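What you are looking at is a predicted structure, and each value in this text was computed from that prediction instead of being measured.
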Amino acid sequence: MVRALWTDERSAQLEQRLQTLGDRLRAGVGAPRRVRTGRWSATPSAAGHARAVEACRERIAAGDLFQANLALRLRATVYEGRPADMFARGVEALAPDRAAFVGDGDRAVASLSPELFVTRRGDEVATAPIKGTRPRRSDPGDDAAQRAALRASAKDRAENVMIVDLMRNDLGRVCTPGTVRVGALAEVRPHAGVWHLVSEVSGRRRAGTGDAELVRAMFPPGSVTGAPKLAAMDVISALESTERQAFCGAIGLASPVAGLELSVAIRTFEFDGPHAWLDVGGGVVADSDPAEEAAECLAKARPLLAALGAGPPAAVAVRDGTVGDAAAVPVPPRLGARPRRRPDPAAGVFETLLVRDGIAVAARRHLARLAASAEALYGLALPSGLAALVDHAAVEHGGPCRLRVRLAADGAVALEAGPLPSPAGPLVLEPVCLPGGIGAHKWQDRRLLEGLEAVALPATVLLVDLDGLVLETARSCMFAVRDDELVTPPLDGRILPGVTRARVLEAARAAGVAASERPLHLDELRHSDAAFAVNALRGVQPVAAVDGTHLGRPGDRVRTVIERYPQLW
């Protein structure tokens, strides 16, 4: 509240009061504990983020939007120290303008933000968007050169001006006509570890407009979405590899005395137990350089990680420490002027079971996966008699056939039987990039997958991420065979936890065949001895070719596993 009630006339008195409160706090809780984290790794890597930027530029060139703010995520494991310790060390090292801490034990948000989202004092409303960045340098001459380069950059100024126009529009929705004005435009200002272009836009709110209406008109902040805002949000959803959480939201206070003050939650660490993550991004416009945009993200992260005593982010971790043939990794395809949205949970989820000889194969496992989705997505439990209904339907239909169990968002369940798909020969796979994958649920909304399948036709779509790591096909889990070792991508939340996948792993290990769950790069898959896809209805489907590269057959030991366990299929 000291900061919220600040005035120039009372500045000396309030600075002293702030110092007194800080001294009392330090005396009560002591110095921050030592902080130690593991190496921070980026998702996607800098090269992967550059591909996302290139895909965004393609959409800008097509007229879909003017600018989007794209981010990557840095992750690490916390070995020592609490979230509050990390926050205290960050504030001490960086002195950010709009620091905020919100926490409950090991789940916390520690924001070291430099950016004002919106403030209201009486009827006066203001925002101060930041767009345009250059790193700070320890050498005064180099630092001055960075500042001058930012001031002279037409690209960065255009990026900033676009967002100023967007914020003027947002304020115009809740302010008295004629009162919205730009007080500062693209001024170069110092912040922790970087130079930024900062603008200021203000206005006088209309009579009867409350804080909730004000925030509703302006949220989410334009500087971390883009222009036009709704189109930019669609592109962000299509091209970012992780779902935004507190990042790019707003943190602050509302008071009947002090008014409203919210920051933009950038430069923000998030914590869940030993897991910590930090999202960093930047605005992409028509003439953005993909490599420079990736470097800007890491430049923003560097002083934040240094405040914790951590080094720069690690390269993407895959076998042999490489990411394979980077040139062969596809860029996310443009499916139209408006991106196809991620699956809508409101449409529900489903399971498909193979029925053979009156038995629903692996029914309990399929229902366990459906139960996990019901709990995670809707906070619901499956009907207690569902397993018995499935067993009864299997007996009734006999098979061979498929049995589909559909779960609606309100908990309603429907069962339907149908014929098995027609037999198919070996698969020809065409890699298509889907940042972040489709997730760990079997969605009824398949519009996005159908669009990606159409891109790959006549081949079968193989989903890969921005770093070229293999995810899955639109209908099956993937395995590669290397020297009689089975390799399948890990269950990291980006792919379906396949029931048949788990059974193949169990069968292989029972037969003494090496089986690994680890990152599998597209280039490694291309050079595998063999590969196959698995799902509940088709069982094992051999892969004939990947992206034009022909593969062989599984080795004798792997074929033995497939032949020895026909009950899997």
Side-chain angles (χ1 to χ4, degrees), residues 38-59 68-76 224 226 232 235-245 247-248 266 270 275-284 288-302 304-305 312-334 339 342 431-440 448 452 462-472 478 489-495 518-525:
R39 187 76 180 271
W40 290 77
S41 60
T43 304
S45 68
H49 185 74
R51 291 185 190 97
V53 171
E54 184 59 41
C56 185
R57 291 178 69 237
E58 177 189 357
R59 288 151 176 77
N69 191 84
L70 293 183
L72 57 81
R73 175 165 294 178
L74 304 176
R75 290 187 176 92
V224 289
V235 170
I236 288 167
S237 176
L239 298 182
E240 287 190 351
S241 295
T242 53
E243 188 176 13
R244 295 183 179 185
Q245 292 160 301
F247 173 65
C248 290
I266 56 175
E270 300 178 57
H275 306 292
W277 59 97
L278 168 70
D279 294 337
V280 284
V284 178
S288 289
D289 179 274
E292 289 180 2
E293 293 295 338
E296 178 180 319
C297 289
L298 299 181
K300 291 173 178 175
R302 193 168 293 116
L304 299 167
L305 300 184
V316 63
V318 297
R319 191 172 185 174
D320 303 325
T322 70
V323 293
D325 183 1
V329 177
V331 170
R334 177 179 176 269
R342 299 280 176 167
V432 176
C433 184
L434 177 60
I438 205 67
L448 174 58
L452 296 174
L462 173 67
L463 303 178
V464 300
D465 73 4
L466 286 162
D467 289 311
L469 295 179
V470 173
L471 300 172
E472 57 192 340
M478 281 301 306
L491 299 181
D492 57 7
R494 301 186 298 170
I495 66 173
R518 63 166 175 80
L520 174 67
H521 192 269
L522 177 59
D523 198 45
E524 184 182 356
L525 179 63

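Two residues are said to be in side-chain contact when any heavy atoms from C-beta on lie closer than 4.5 Å; Cys297 and His49 meet this criterion. Within the 4.5 Å cutoff, the side chain of Thr43 has no heavy atoms near those of the Glu240 side chain. Val470 has its side chain out of reach of Asp465: every pair of non-hydrogen atoms, C-beta onward, lies at least 4.5 Å apart. Looking only at side-chain heavy atoms (C-beta outward), Ile438 and Ile495 stay at 4.5 Å or farther from each other. Val329 places a side-chain heavy atom less than 4.5 Å from the side chain of His521. Residues Arg75 and Thr242 meet the side-chain proximity criterion, which asks for heavy atoms closer than 4.5 Å. Leu466 has its side chain within reach of Cys433: a pair of non-hydrogen atoms, C-beta onward, lies under 4.5 Å apart.
Separating the CG atom in Leu462 from the CG atom in Leu434 is a distance of 11.5 Å, to the nearest 0.5 Å. For the atom pair Arg51 CZ and Leu239 CG, the distance stands at 13.5 Å (nearest 0.5 Å).
The closest donor-acceptor contact from the side chain of Glu270 to the backbone of Trp277 lies at 3.5 Å or more, if one exists at all. Judged by distance alone, with hydrogens and angles left aside, the side-chain atoms of Asp467 form a donor-acceptor pair with the main-chain N or O of Ser45 at under 3.5 Å.
In Glu58, the CD atom is crowded: over 12 heavy atoms of neighbouring residues, nucleotides or ligands sit closer than 6.0 Å.
Ion pairing of Arg57 with Glu54 is present here, as a side-chain N (NZ or NE/NH1/NH2) and a carboxylate O approach within less than 4.0 Å.
Between the side chains of Arg73 and Ser241, no donor-acceptor pair is found at a separation under 3.5 Å.
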